[in-house]
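Start at 1 with the first residue, then count along the sequence.
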Amino acid sequence: MKPSELTYITQDIIDKGTFNVTSPEMMDEARRYNMDVVTNAAKRSRMVFLTGLWLIVQIPMLIASVCLYLAVETISDKFAFSAGDFGAIMSYARIGALFLGLIAYLGLFGYYIIFRFQRDPKIMFLCSAPAMLTTPLGILITMINVAAAYIYEHKEEKFSEEAGYPAFVRLNVTTVESDAHSVLDLTYDSIKERTKHRRSEGDDFL
């Protein structure tokens with residue numbers, strides 16, 4: 001539900017979190033608004049959770065792939081050394097690039113993506129790029145990260161156009177300015193503006 005679709009609910013009411021209804025039209029708008037924010041809150045929470053889960057899980061995945069790669073290369077180098085094929089032995093430059101890429105990835109990714117919660121695709125690429133120096137999995141991780149950041153930004157932009165963003169908290173509907181005893185009692189006959197009597201301390205918020 002876009003803010004332009006709301007007639008009675010303003011940003012001040014959304015910020016306050018309480019909406020007093022005095023007409024069936026207001027009740028209908030409040031009901032539709034609450035249903036919409038519940039749906040949006042669930043969708044946004046799911047998006048944030050799945051994105052965050054992937055960003056965290058990939059770190060041990062990459063570390064495990066580096067350890068496996070080094071183990072395989074060590075065994076391969078042993079056989080190459082025994083066979084006298086020294087050209088097949090992994091060079092110190094390759095080892096240095098691998099560890100440099102891993103350390104740079106952990107530092108940049110951990111600080112900007114995990115700690116600072118950056119989700120811009122360009123920043124995601126720059127922080128993930130060092131992983132490409134490690135193993136083929138690092139290249140795949142970088143590609144997935146950029147795609148995930150793009151999707152996240154696109155969906156977040158769509159959510160920002162919805163009323164109630166970013167918290168998407170339901171409004172507490174009250175009837176203190178009507179003759180209804182509960183929101184279920186709201187009818188055209190029961191809803192009347194109180195022109196002579198103001199709300200007393202004993203009125204209940206529903």
Colleague: Quick check for you: to the nearest 0.5 Å, what is the distance between Asn145 atom CG and Ile113 atom CD1?
Modeller: 7.5 Å
Colleague: Roughly how far, to the nearest 0.5 Å, is the CD1 atom of Ile123 from the OG atom of Ser128?
Modeller: 11.0 Å
Colleague: Going from CD on Glu153 to OG on Ser160, what distance comes out if it is rounded to the nearest 0.5 angstrom?
Modeller: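 Here the interatomic distance stands at 10.0 Å.
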Colleague: Considering all heavy atoms of both residues, which atom of Ala97 and which atom of Leu133 are nearest to each other, and what is their separation?
Modeller: O-CB, 3.7 Å
Colleague: For the pair Asp12 and Lys16, find out whether any cationic side-chain nitrogen is under 4.0 Å from an anionic carboxylate oxygen.
Modeller: no
Colleague: Looking only at non-hydrogen atoms, find the nearest pair between Ala149 and Pro121 and report the distance.
Modeller: CB-CA, 3.7 Å
Colleague: Parallel, tilted or perpendicular: which fits the ring planes of Phe168 and Tyr165, with parallel below 30° and perpendicular above 60°?
Modeller: perpendicular
Colleague: Can Arg31 be said to sit on top of Tyr33's aromatic six-ring, NZ or CZ under 6.0 Å from centre and within 45° of the ring axis?
Modeller: no
Colleague: Is any side-chain heavy atom of Thr7 closer than 4.5 Å to one of Glu29?
Modeller: yes
Colleague: Would you tell me whether Tyr105 and Gln58 have side-chain atoms, one donor and one acceptor, within less than 3.5 Å of each other?
Modeller: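 Distance-only check passes for Tyr105 and Gln58.
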Colleague: With a 6.0 Å cut-off (strictly less than), is the heavy-atom count around CD of Glu161, excluding the residue itself, greater than 12?
Modeller: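 For Glu161, atom CD is crowded (more than 12 foreign heavy atoms under 6.0 Å).
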Colleague: Where do Arg119 and Phe117 land on the side-chain contact (heavy atoms from CB on, under 4.5 Å) test, with the steps shown first?
Modeller: CA-CA 6 Å; Arg119 295 295 182 266; Phe117 205 78; 3.0 Å; yes
Colleague: How close do Asn20 and Met26 get, counting heavy atoms only, and between which atoms?
Modeller: O-CE, 3.3 Å
Colleague: Val66 versus Leu98: any side-chain heavy-atom pair under 4.5 Å?
Modeller: yes
Colleague: Using the side-chain contact (heavy atoms from CB on, under 4.5 Å) rule, take Gln118 and Met124 through it: C-alpha gap first, then chi angles, then the decisive distance, then the call.
Modeller: CA-CA 7 Å; Gln118 296 292 325; Met124 186 71 76; over 6 Å; no
Colleague: Look up atom CD in Glu73 and atom OG1 in Thr135, then write down how far apart they are to the nearest 0.5 Å.
Modeller: 11.5 Å
Colleague: Could you give the distance from CZ (Phe19) to OG1 (Thr174), rounded to the nearest 0.5 Å?
Modeller: 8.5 Å
Colleague: Is a side-chain N or O of Asn34 found less than 3.5 angstrom from the main chain of Leu171, in a donor-acceptor match?
Modeller: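 The answer is yes, because a donor-acceptor pair under 3.5 Å joins these two groups.
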Colleague: In terms of hydrophobic clusters joined by side-chain contacts under 4.5 Å, are Val169 and Ile14 together?
Modeller: no
Colleague: Quick one: do Ile95 and Tyr69 end up in the same hydrophobic cluster if we chain Ile, Leu, Val, Met, Phe, Trp and Tyr together by side-chain heavy atoms under 4.5 Å apart?
Modeller: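 Both belong to a single hydrophobic cluster.
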Colleague: Is there a continuous path of hydrophobic side-chain contacts, each under 4.5 Å between heavy atoms, that joins Leu108 to Met143?
Modeller: no
Colleague: Using the rule that two of Ile, Leu, Val, Met, Phe, Trp, Tyr join whenever any of their side-chain heavy atoms come within less than 4.5 Å, decide whether Ile141 and Met132 are in one cluster.
Modeller: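 No, it is not one cluster - the side chains of Ile141 and Met132 are not joined through contacts under 4.5 Å.
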Colleague: Roughly how far, to the nearest 0.5 Å, is the CG atom of Asn40 from the NZ atom of Lys158?
Modeller: 12.5 Å
Colleague: What salt bridge (Lys or Arg N to Asp or Glu O under 4.0 Å) pairs are there with at least one residue in residues 35-64, not counting sequence neighbours?
Modeller: Arg44-Glu156
Colleague: Flag yes if more than 12 heavy atoms outside Lys122 fall under 6.0 Å of its NZ atom; otherwise flag no.
Modeller: no
Colleague: Leu62 and Ala131: which non-hydrogen atoms are nearest, and at how many Å?
Modeller: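 Minimum heavy-atom separation between Leu62 and Ala131: CD2-CB, 3.7 Å.
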Colleague: Same cluster or not: are Leu50 and Ile114 linked, directly or through other Ile, Leu, Val, Met, Phe, Trp or Tyr residues, by side-chain heavy atoms under 4.5 angstrom apart?
Modeller: yes
Colleague: In sequence, state the C-alpha distance, the side-chain angles, and the governing distance for Phe99 and Thr134, and then conclude on side-chain contact (heavy atoms from CB on, under 4.5 Å).
Modeller: CA-CA 7 Å; Phe99 280 104; Thr134 58; over 6 Å; no
Colleague: Decide yes or no for Val21 and Tyr8: does some side-chain heavy atom of the first lie under 4.5 Å from some side-chain heavy atom of the second?
Modeller: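 When only atoms from C-beta onward are counted, Tyr8 and Val21 do not touch, as no gap falls below 4.5 Å.
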